[in-house]
Amino acid sequence: MSKTEKPLSTLWGCELNESNKEESFKTDDTNHQHQLALRTMCLGHTAKDEFNIVELITGEGNNSAKAVPIATLHAKSMPTVNLSGLDLHPPVTFRLKHGSGPVYVGAEHVALEEYSDEELDEEMEEEEEEDIEESPVKKVSKNGAGKRKKPEKGEDEEASDGENPPKKGKGRGRKAQAAKV
């Protein structure tokens with residue numbers, strides 16, 4: 001029996017400011033694999049005209065962990081930064097190295113939950129049954145509304161008379177117009 005992973009996603013965020021210079025993301029759950037997918041960092045509307053530097057510290061708070069600056073924000077020149085594509089494994093800590101903020105960190109917490117193939121198949125069957133029950137029945141008209149009718153041979157002959165102007169289209173009526181000129 002093979003196992004498959006199903007992602008569970010929740011929104012995660014924090015505020016860094018003068019009174020709260022550090023914020024950590026960590027989990028004690030060992031049954032799931034966790035990931036923090038960063039999305040944005042932005043300054044709050046009360047931010048001063050100064051540089052705000054945010055560092056990222058990965059791993060536990062031991063001496064081997066290194067701090068890496070990941071964003072430098074300024075109210076007038078760069079109030080927000082897009083960090084999509086930066087996926088981290090906990091524990092991670094965000095630190096406001098310089099500035100007074102407020103800096104808002106927005107991320108997505110993804111936990112991968114393991115399922116056996118049997119459980120996953122049962123769940124998919126239940127979802128398909130719900131979709132079938134909820135889907136409305138559409139009526140189909142017999143005349144094929146929206147489709148163009150092809151002109152019958154009698155109609156084409158009438159259009160080529162001198163009384164009716166030629167139909168627009170690919171080459172229709174061009175010879176007749178050239179003959180009149």
Side-chain angles (χ1 to χ4, degrees), residues 1-140:
M1 181 168 58
S2 65
K3 301 244 180 191
T4 327
E5 294 178 335
K6 178 182 175 185
L8 301 172
S9 178
T10 56
L11 198 59
W12 183 89
C14 68
E15 178 184 344
L16 303 173
N17 53 39
E18 284 182 308
S19 60
N20 183 33
K21 293 267 187 188
E22 282 189 11
E23 188 74 35
S24 294
F25 172 77
K26 55 186 166 186
T27 61
D28 296 330
D29 182 11
T30 57
N31 297 330
H32 301 95
Q33 187 179 25
H34 295 272
Q35 189 173 12
L36 188 66
L38 290 180
R39 297 296 181 233
T40 60
M41 272 191 205
C42 63
L43 289 174
H45 71 282
T46 59
K48 297 176 185 172
D49 188 16
E50 63 184 358
F51 284 100
N52 290 273
I53 300 173
V54 179
E55 303 183 307
L56 176 67
I57 304 167
T58 58
E60 296 294 332
N62 56 21
N63 294 337
S64 65
K66 290 186 177 182
V68 177
I70 59 170
T72 301
L73 304 170
H74 194 276
K76 289 185 178 177
S77 61
M78 188 138 174
T80 187
V81 64
N82 180 359
L83 297 168
S84 293
L86 188 56
D87 301 331
L88 308 166
H89 295 281
V92 295
T93 301
F94 299 94
R95 180 189 306 154
L96 186 58
K97 173 81 173 177
H98 181 75
S100 56
V103 175
Y104 297 99
V105 179
E108 182 180 3
H109 172 204
V110 180
L112 296 177
E113 192 172 55
E114 288 187 359
Y115 280 99
S116 67
D117 285 341
E118 293 169 5
E119 290 173 347
L120 194 61
D121 289 342
E122 287 173 11
E123 188 175 306
M124 289 177 71
E125 286 174 9
E126 288 173 9
E127 288 177 6
E128 286 175 3
E129 287 173 7
E130 288 174 8
D131 289 344
I132 291 170
E133 290 172 6
E134 292 176 4
S135 64
V137 178
K138 294 181 181 178
K139 292 182 180 180
V140 178

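For this chain, numbers begin at 1 and follow the sequence in order.
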### Query
Hey, does the side chain of E50 reach the backbone of S100 with a donor-acceptor pair shorter than 3.5 angstrom?
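Yes; at least one donor-acceptor contact below 3.5 Å.
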### Query
Using the benzene-type ring in the case of Trp, are the ring centres of F25 and H109 under 6.0 Å apart?
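Yes, the ring of F25 comes within the 6.0 Å limit of the ring of H109, centre to centre.
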### From CD (Q33) to OG1 (T27), nearest 0.5 Å
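The CD atom of Q33 sits 10.5 Å away from the OG1 atom of T27.
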Could you tell me whether the side chain of [Y] reaches within less than 4.5 Å of the side chain of [X], counting heavy atoms only?
X	Y	answer
N17	E15	yes
I70	L38	yes
T46	P102	yes
T80	M41	no
Y104	T40	no
N52	H74	no

Contact summary for [X] and [Y], nearest pair of heavy atoms:
X	Y	value
L16	K21	CD2-O, 3.9 Å
F51	H98	O-CD2, 3.1 Å
I57	A67	CG1-CB, 3.8 Å
A75	L43	N-CD1, 3.4 Å
S77	P79	C-CD, 3.9 Å
L11	A107	CD1-O, 3.5 Å

I'd like a table of donor-acceptor pairs (distance under 3.5 Å, sequence neighbours excluded) in which one partner is a side-chain atom from residues 84-92, with atom names and distances.
| residue | atom | partner | partner atom | Å |
| --- | --- | --- | --- | --- |
| S84 | OG | N82 | OD1 | 3.0 |
| H89 | ND1 | H34 | O | 3.2 |

### Query
Do V103 and L96 pass the side-chain contact (heavy atoms from CB on, under 4.5 Å) test, and can you show the C-alpha distance, the side-chain angles, and the key distance before you say yes or no?
CA-CA 8 Å; V103 175; L96 186 58; 4.0 Å; yes
### Task
Begin with the C-alpha distance, continue with both residues' side-chain angles, and end with the deciding distance and a verdict on side-chain contact (heavy atoms from CB on, under 4.5 Å) for E108 and T10.
CA-CA 6 Å; E108 182 180 3; T10 56; over 6 Å; no
### Residues T93, E22; criterion side-chain hydrogen bond (donor to acceptor under 3.5 Å, both in side chains); working and verdict
CA-CA 7 Å; T93 301; E22 282 189 11; 5.4 Å; no
